[in-house]
Structure formats: structure tokens, C-alpha cells
Amino acid sequence: MSTAERVPGTREQILVLLRRHGRLSAPRLADLLNISPVGVRRHLGLLELDGLVESTVEKPKRGRPVAIYRLTDAGLERFP
């Protein structure tokens, strides 16, 4: 049983948000969930270990690079 299956709640909400929006950053997910970006990153790290999400780093025109998260094929299979 994967971590996401054992602990419903925030991780499931993250998966649903990524399904709806496609690609989101940790700070944007934190805003949508009303929790800290650090907390979201912890959940995202576990979801990555489970193979349900993956990240890419994007360099904006200005500022620091941002990790953008999206569902993997395994993550998409969790939805009908």
C-alpha cells in the first residue's frame, strides 16, 4: 500500500488539484490548501516517492527557478 493510500486528506487534495489544474507550484498549492509551502513540499516529496507526481524546474524571466508539479501516468490512473 502506498503512502498516499494510507493517509487520505491533504495528499488526496493535492492529487485532485493537480488533476484539475494540470501543473502547479508548491506555493500555489499551499495557497489553494491554506497550508504552508513547506508542508505542501513534504507531501509532494512523499507523492513523488510513490510515483504519483513529478516535478520539473522552470526558470522564470526574473527571480528564482520554480519547481512545477504534475501528475504522472500512475497519478492519473487514480481518477476514473
Side-chain angles (χ1 to χ4, degrees):
M1 180 178 283
S2 72
T3 306
E5 291 170 346
R6 281 183 273 136
V7 183
T10 302
R11 291 181 200 137
E12 290 299 324
Q13 290 175 19
I14 289 171
L15 294 174
V16 168
L17 287 169
L18 289 173
R19 176 73 171 118
R20 285 187 189 150
H21 297 277
R23 300 163 18 105
L24 292 169
S25 67
R28 180 65 181 131
L29 282 164
D31 287 342
L32 293 169
L33 295 168
N34 199 29
I35 62 175
S36 73
V38 172
V40 168
R41 284 188 190 93
R42 182 168 183 240
H43 289 294
L44 287 166
L46 293 171
L47 289 167
E48 279 188 294
L49 287 174
D50 287 341
L52 300 175
V53 301
E54 63 186 8
S55 65
T56 57
V57 177
E58 294 185 359
K59 176 97 170 96
K61 292 180 182 178
R62 295 179 6 198
R64 298 173 57 184
V66 176
I68 303 295
Y69 295 86
R70 71 176 190 91
L71 293 176
T72 62
D73 289 341
L76 287 169
E77 288 176 6
R78 295 178 59 91
F79 296 92

Indicate the atoms forming the closest heavy-atom contact of [X] with [Y], along with that distance.
X: Ser55; Y: Glu48; result: OG-OE2, 3.2 Å
X: Gly51; Y: Ala74; result: O-CB, 3.6 Å
X: Ala30; Y: Ser36; result: CB-C, 3.8 Å
X: Pro65; Y: Pro60; result: CA-CD, 3.9 Å

Quick one: do [X] and [Y] end up in the same hydrophobic cluster if we chain Ile, Leu, Val, Met, Phe, Trp and Tyr together by side-chain heavy atoms under 4.5 Å apart?
X: Val40; Y: Ile68; value: no
X: Val66; Y: Leu44; value: no
X: Val53; Y: Phe79; value: yes

**Among Leu71, Thr10, Leu76, the one residue meeting side chain to side chain contact (heavy atoms under 4.5 Å, CB included) with Leu15** = Leu71
**Request:** Please answer whether the main-chain N or O of Leu52 pairs with a side-chain N or O of Thr72 as donor and acceptor at a distance below 3.5 Å.
**Result:**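 Yes.
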Heavy-atom distance under 4.5 Å between the side chains of [X] and [Y], does that happen here?
X: Asp50; Y: Arg11; answer: no
X: Leu17; Y: Leu33; answer: yes
X: Arg78; Y: Arg19; answer: no
X: Leu29; Y: His43; answer: no

**Item:** Euclidean distance, Leu32 CG relative to Arg20 CZ, rounded to 0.5 Å
**Value:**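 Arg20 atom CZ to Leu32 atom CG measures 10.0 Å (nearest 0.5 Å).
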**Prompt:** If you measure from CG on Leu18 to CZ on Arg23, what distance do you get to the nearest 0.5 Å?
**Reply:** 11.0 Å
